[in-house]
Amino acid sequence: MTLDEAAARPIPSADELEGRWTLVPNPNPATDKERRTALAHPGFGTQFTDHMARASYRNGSWTDRRIESYGPLALDPAAAVLHYGQEIFEGLKAYRHDDGGIWTFRPSYNAHRFNASARRLAMPELDPEDFLASLVGLVRADRDWVPEGEGTSLYLRPYAFASEPFLGVRAARELEYLVIASPSGAYFTGGLSPIDVWVTRQYHRAGPGGMGAAKTGGNYASSLLAKEEMAKSGFDEVCFLDAASAQIIDELGGMNVFVVRADGSVATPALSGTILAGGTRSAILTLLRDRGIKASETAIRLSDLIADIESGDVVEMFACGTAAVVTPIGRLAGDDFDVSLEAGDITRSIHAELTDIQLGRATDRHGWNYRLV
Ligand SMILES: *Cc1c(COP(=O)(O)O)cnc(C)c1O
């Protein structure tokens, strides 16, 4: 079963899931003033709510599901994650809709992807309903932390890691699952402003048979040096090529990429096993196909892409992911090329269509929105 198929199956309502995680209220929550100050300038990923969801994996099952005070973790210095990096994560957003509800977008896609990542990292899976219930419990406890206003949301970060104190090399038997929440403004400040992307031949984030299709910190660790080096030359993001041939476009360190052709068709790299199956990527493919646009998942050869941009056959490129939604790529450069693109109609209209659905302003034809509160 694909992630899209898994995510399309019916799921219990938030009211049905309420209470599955036990709320232990924070005795010292932020004051109204502190919270209002935080929400006035949310930024991204720097401020956190009063609570976090948490469960522990012991003796072969997840136990002790609770919503507790946000705060530092006590971790044994031998915890396996600190040595061997056994960790996975997810990212979703909760939005305030005009109907007064707080909604999120395709949470069961993330629940099933979380389990796909868990399998690759030899970690125990979490019942998708438990994953959903952890989001419901946390957002209901911290509903006052969901910001209002254009481009804002409460970013939800579920993750799990090996906490077992053990230096031997094997899959851990003790793990922790957490969800933390962070009020966030627009990811890239300045709205739909194009980013400059460097295509690296020097570094790879993932290789055949590796962890590229899993959402795990290790892939990010692998991408940081390239990003640091190119930031010095003014590039916003790095695009990675497939490690086997260094000729096929994979993705950015944390976003999938799309190419728009002058004939109106669209292409995105196929899920080759080395890239992450983005939920935003999947939703955009569906919206494009709903419009009757030919949207293919295929190998995109860098040399062809550059030639097509130069000849005008490729007219737009954009990156996509939960945090930034859709971001136009204005410049694509590498060792021996440097080309520019405009933010065109497809990029702009798909961004508008997707965010309108996510914010409850357009008809949710595919039943993607899920009411948390
Ligand atoms: C999370 C992530 C994406 C985007 O996935 P979404 O589900 O759209 O947020 C793309 N690439 C990588 C490597 C990621 O970790």
Side-chain angles (χ1 to χ4, degrees), residues 2-4 6-7 44-45 85 87-95 104-118 120-121 128 131 135 153-160 179 182 184 186-188 195 197 200 203-207 210-224 226-227 236-243 249-258 268-288 297 300 317-327 329 350-351 353-355 357-358 366 368-370:
T2 66
L3 284 179
D4 286 304
F44 184 81
E87 185 266 356
I88 56 173
F89 68 95
E90 272 301 328
L92 313 83
K93 284 173 167 177
Y95 309 90
T104 190
F105 187 71
R106 295 181 89 192
S108 71
Y109 188 96
N110 298 80
H112 289 279
R113 188 172 67 186
F114 187 75
N115 282 342
S117 299
R120 179 62 186 85
L121 275 282
F131 181 99
L135 308 180
S153 60
L154 184 66
Y155 184 78
L156 304 173
R157 168 54 60 86
Y159 61 108
V179 189
S182 176
S184 86
Y187 185 74
F188 290 112
I195 53 168
V197 174
T200 177
Y203 299 111
H204 295 286
R205 64 177 282 283
M211 307 190 297
K215 207 167 175 74
T216 175
N219 291 333
Y220 281 71
S222 158
S223 74
L224 295 178
K227 196 165 165 167
D236 303 290
E237 293 287 339
V238 170
C239 178
F240 294 91
L241 300 171
D242 78 296
I249 302 275
D250 264 357
E251 60 165 316
L252 310 188
M255 285 183 280
N256 297 113
V257 291
F258 278 79
T268 191
L271 299 178
S272 56
T274 58
I275 69 171
L276 205 273
T280 316
R281 173 189 180 280
S282 148
I284 288 172
L285 283 170
T286 300
L287 294 178
L288 290 168
E297 301 168 70
I300 300 175
M317 281 184 73
F318 62 86
C320 67
T322 296
V325 192
V326 168
T327 304
I329 295 175
I350 215 71
H351 175 264
E353 186 177 1
L354 183 55
T355 49
I357 294 172
Q358 290 173 332
H366 298 281
W368 285 336
N369 290 330
Y370 181 80

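Counting convention: from 1, in listed order, for ligands and their atoms alike. Throughout, residue positions are numbered sequentially from 1 according to the sequence presented.
With contacts defined as side-chain heavy-atom distances shorter than 4.5 Å, the pair Cys239/Ile249 qualifies.
With hydrogens and angles ignored, the 3.5 Å screen pairs a side-chain donor or acceptor of Thr104 with a backbone N or O of Lys93. Asn256 places no side-chain N or O within donor-acceptor distance of the main-chain N or O of Thr280, the cut-off being under 3.5 Å.
When all heavy atoms of Gly217 and Phe89 are compared, the closest pair comes out as N-CE2, 3.9 Å.
Not counting sequence neighbours, Tyr109 has no partner by the ring pair (Phe, Tyr, Trp, His ring centres under 6.0 Å) test.
At a threshold of 4.0 Å, the pair Glu237-Lys227 counts as salt-bridged, since one of the basic side-chain nitrogens sits closer than that to a carboxylate oxygen.
For a heavy-atom separation below 4.0 Å, the residues in contact with ligand 1 are Arg113, Arg205, Lys215, Tyr220, Glu251, Gly253, Gly254, Met255, Asn256, Leu276, Gly278, Gly279, Thr280, Gly321, Thr322.
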